[in-house]
Amino acid sequence: MTKVLLIYLVSSFLALNQASLISRCDLAQVLQLEDLDGFEGYSLSDWLCLAFVESKFNISKINENADGSFDYGLFQINGHYWCNDYRSHSENLCQVDCQGLARAPWWER
Ligand SMILES: *[C@@H]1O[C@H](CO)[C@@H](O)[C@H](O)[C@H]1NC(C)=O
């Protein structure tokens, strides 16, 4: 759940620059602030690598999978399991709106 908040924080960070890309250094700073260095045994560089591979640091990235489900945001969180995208049945394990994982915060909309 904290990690979901992190993703929202990253989104707000990004909104300041009015772009869909977050720089590697800005992301590293947010991850550090959120205490992700070492979280679940993964280093800061692991998290940066994951975000790069998944989204190329594009916070707005939404990608459709072969099974018809969609992945959202920096870490490409899947709408079938983790968030609700109102497209089909979702487990919604994180109890969040998928679009919120891939967009700027309310004050920038
Ligand atoms: C980020 O992803 C969105 C949605 O997938 C896409 O429309 C946009 O062009 C991408 N931005 C960049 C800079 O690649």
Side-chain angles (χ1 to χ4, degrees):
M1 204 59 213
T2 311
K3 304 316 152 212
V4 170
L5 293 174
L6 162 80
I7 293 163
Y8 275 100
L9 184 65
V10 167
S11 303
S12 25
F13 213 95
L14 174 94
L16 298 172
N17 299 319
Q18 297 275 330
S20 59
L21 298 180
I22 186 168
S23 80
R24 189 173 187 276
C25 290
D26 285 347
L27 180 58
Q29 197 167 10
V30 173
L31 295 171
Q32 176 81 52
L33 285 170
E34 285 294 313
D35 230 9
L36 258 85
D37 193 4
F39 178 73
E40 296 285 320
Y42 295 99
S43 69
L44 209 56
S45 44
D46 290 330
W47 293 108
L48 288 169
C49 182
L50 177 64
F52 180 74
V53 169
E54 289 290 345
S55 66
K56 301 281 187 290
F57 302 134
N58 182 354
I59 273 181
S60 311
K61 185 174 177 186
I62 298 174
N63 188 53
E64 185 170 7
N65 300 302
D67 68 359
S69 68
F70 288 81
D71 293 337
Y72 296 85
L74 263 186
F75 297 105
Q76 291 291 280
I77 307 296
N78 185 268
H80 191 76
Y81 300 101
W82 306 107
C83 53
N84 192 355
D85 63 5
Y86 309 98
R87 292 178 198 257
S88 59
H89 171 76
S90 172
E91 301 295 322
N92 194 11
L93 294 171
C94 294
Q95 306 270 301
V96 294
D97 182 330
C98 292
Q99 294 293 337
L101 298 174
R103 74 177 172 211
W106 60 269
W107 63 88
E108 288 289 339
R109 277 176 219 148

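Just follow the structure's listing: the first ligand is 1, and inside any ligand the first atom is 1.
Nearest protein neighbour of atom 4 (C) of ligand 1, counting heavy atoms only, is Ser60 O, 3.4 Å. The protein heavy-atom contact nearest to atom 10 (C) of ligand 1 is Asn58 ND2, 2.4 Å.
Cysteines Cys83 and Cys94 have SG atoms no closer than 2.5 angstrom.
For atom 2 (O) of ligand 1, a protein non-hydrogen atom is found at a distance below 4.0 Å. The presence of a protein heavy atom under 4.0 Å from atom 7 (O) of ligand 1 is ruled out.
Between Trp47 and Phe39, the two ring planes are tilted [angle within 30° to 60°].
For Arg24, the CZ atom is loosely surrounded, since the number of other residues' heavy atoms within 6.0 Å does not exceed 12.
Residue contact check: Leu21 has heavy atoms under 4.0 Å from atoms 13 (C) of ligand 1.
Here the shortest heavy-atom pairing between Tyr81 and Glu91 reads O-CB, 3.4 Å.
Annotation: Ile62 places an N or O atom under 3.5 Å from an N or O atom of ligand 1; distance criterion only.
In this structure, the side chains of Gln99 and Ile62 come closer than 4.5 Å at one or more pairs of heavy atoms.
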